[in-house]
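Structure incoming, see below.
Naming convention: chains lettered A, B, ... in sequence-line order (proteins, then strands); numbering from 1 in each chain.
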Protein chains: 2
Amino acid sequence: MAANTFHKLRDEIENGIVTGAFEPGARLDEAQLAARFGVSRTPIREALMQLSAIGLVEVRPRRGAIVVDPGPDRIFEMFEVMAELESMAGALAARRHTEQDKAAILDSHARCERSAASEDSDSYYYDNEVFHYAIYAASHSGFLAEQCAALHRRLRPYRRLQLRVRNRMKVSLSEHAAIVEAILAGDAETARSRLRSHVAVQGDRFSDLVSSLSQRQSTGTGGQPR
Amino acid sequence: MAANTFHKLRDEIENGIVTGAFEPGARLDEAQLAARFGVSRTPIREALMQLSAIGLVEVRPRRGAIVVDPGPDRIFEMFEVMAELESMAGALAARRHTEQDKAAILDSHARCERSAASEDSDSYYYDNEVFHYAIYAASHSGFLAEQCAALHRRLRPYRRLQLRVRNRMKVSLSEHAAIVEAILAGDAETARSRLRSHVAVQGDRFSDLVSSLSQRQSTGTGGQPR
DNA sequence: GTCAATTTTTTTGTATACAAAACAGGTTGG
DNA sequence: CCAACCTGTTTTGTATACAAAAAAATTGAC
């Protein structure tokens, strides 16, 4: 991949936000970031501009950039849209998947099973990501795949929190199995509805999400400043 | 709205791309743009960075920025996703719309009717946009509304081409009426399916789109350079 | 001692300067 | 005659400089 300074900086900062190194609401001081990465302010600004276009940071004119802090309601909305896009990808995948796609889906699913068996939450988290990307790819819609991937990245921190919830890993895995079955059977509508409920944050999971968010708020130094 | 130079430039250039002033594939020379807008290269670059994050321009390292030229297949994919998101907005609107939303939808629909009656294609184009935005708003999902609006903007030029097709305005209007009916009746699934087929580029419309695209390619100075 | 106004300091926004990479054209060798 | 190479030019990428605005701090009045 093309590797200019601002490009790398963009990924670094995005990663910092997504992993929580830069907490929601935190100020992103240009000079400070420049010093930290050993570059001038120019590429830092360019990186921040890109992140603001994506919606990860908010640049307030003359008042600096901050990491956006989507409230629980907005995070819920994002999951809602994610569910719709993913279920669309699943439906398309059911109709369009090739032998290669099938192999990739089965392989990533098998990895998930192994990680779940060894109860390795971090490993499962990664394999789960690969599984979902395999479905995006199988949709054979480049644009949809990109949109899904972008949203998936943005929701990363919240999904990670969710996986901590009791038994979620096992439940997730059995849902995966049902999704795989529907896709490989070519049953678009079943794949759609199963993926929708797999991704959506419904019922108990919403309160789990909210509580994990408020937990983080209180421990972190971020949140609403001033 | 906040109005810094780079912010205004971003909108200017975006508008230029969307209206076709900057054609797909065209090189966006930084110095040239800077001279044109009477500013230095710095805010131009920041604007281009944002546009590249959105996906409107492609910045190739050390090789300058060009207006992205999505092929017919990719444009089709974008309409496909747009249809899904809009139909989702419609379904939510059916369940969640308030009296205000209802008024806004009916009002914009009435405007569409008038424009269609006077066969004013440009006016209809604008009113149609307001109508769709009213539905986004009625979904009461801020994130979904933003996503819809963003995609809507990106597909603007192609939708405009489509409206030129024989009788499309009348057909579009009657579809609108059916959509309004479903939303106001609170019938989420009917609203969803009607919006989906309203937005999607199916059957004949796809070949119409492709032919209008190739027409533009041949007349314009853009296209694949070198 | 508190609050308001003014000054100081910090920080953002834009312009300019400079280095390095890509491009174009001509030249030399086969 | 064609191809590879070298050189001059253009253009991008990053650093620095400077102006203007916002934040912070100090002073002064009550």
**Report entry** Gap between atoms CZ and P, on R45(B) and dA15(D) respectively (whole Å)
**Finding:** 12 Å

Query - Distance in Å, S52(B) OG paired with M49(B) CE, rounded so as to fall on 0.5 Å steps - result: 6.5 Å

Requested in this report: Using atom NZ of K8(A) as one end and atom P of dT14(D) as the other, report the distance to the nearest whole Å.
Outcome: 9 Å

Query raised in the report: Given atom CD of E30(A) and atom P of dT16(D), what is their separation to the nearest angstrom?
Result: 15 Å

Requested in this report: Please determine if a side-chain N or O atom of T5(B) lies less than 4.0 Å away from the OP1 or OP2 oxygen of dT14(C).
Outcome: yes

Requested in this report: May I ask you to evaluate whether T42(A) reaches the phosphate of dT14(D), defined as a side-chain N or O under 4.0 Å from OP1 or OP2?
Outcome: no

Report summary line: Atom CG of L33(B) and atom P of dA15(C) are separated, to the nearest Å, by 14 Å

Requested in this report: Could you point out which residue of Q147(A), H132(A), R159(A) forms a side chain to side chain donor-acceptor pair (under 3.5 Å) with H152(A)?
Outcome: R159(A)

Query raised in the report: Is any side-chain nitrogen or oxygen of R27(A) closer than 4.0 Å to OP1 or OP2 of dA22(D)?
Result: no

Query raised in the report: Whole-Å distance between dA19(C) P and R41(B) CZ?
Result: 15 Å

Query raised in the report: Between atom CZ in R60(B) and atom P in dC23(C), what is the gap in whole Å?
Result: 8 Å

Requested in this report: Using a heavy-atom cut-off of under 4.0 Å over every strand shown, decide if R63(B) touches base, sugar-phosphate, or nothing.
Outcome: sugar-phosphate

**Report entry** Euclidean distance, atom CG of residue L48(B) to atom C1' of dG13(D) [Å, nearest integer]
**Finding:** 13 Å

Query raised in the report: Looking at R96(A) and E80(B), does any basic side-chain N land under 4.0 Å from a carboxylate oxygen?
Result: yes

Query raised in the report: DNA chain D: R62(A) or G64(B), which has the more 5' nearest nucleotide?
Result: G64(B)

Query raised in the report: Are Y136(B) and Y133(B) close enough that their ring centres sit under 6.0 Å apart?
Result: yes

**Report entry** S40(A), nearest nucleotide to its side chain (from dT14(D), dA15(C), dT12(C))
**Finding:** dT14(D)

Requested in this report: Flag the pair R196(A) and E86(A) as a salt bridge only when some basic side-chain nitrogen lies within less than 4.0 angstrom of an acidic carboxylate oxygen.
Outcome: no

**Report entry** Rounded distance in Å - CD (E46(B)) to P (dG13(D))
**Finding:** 14 Å

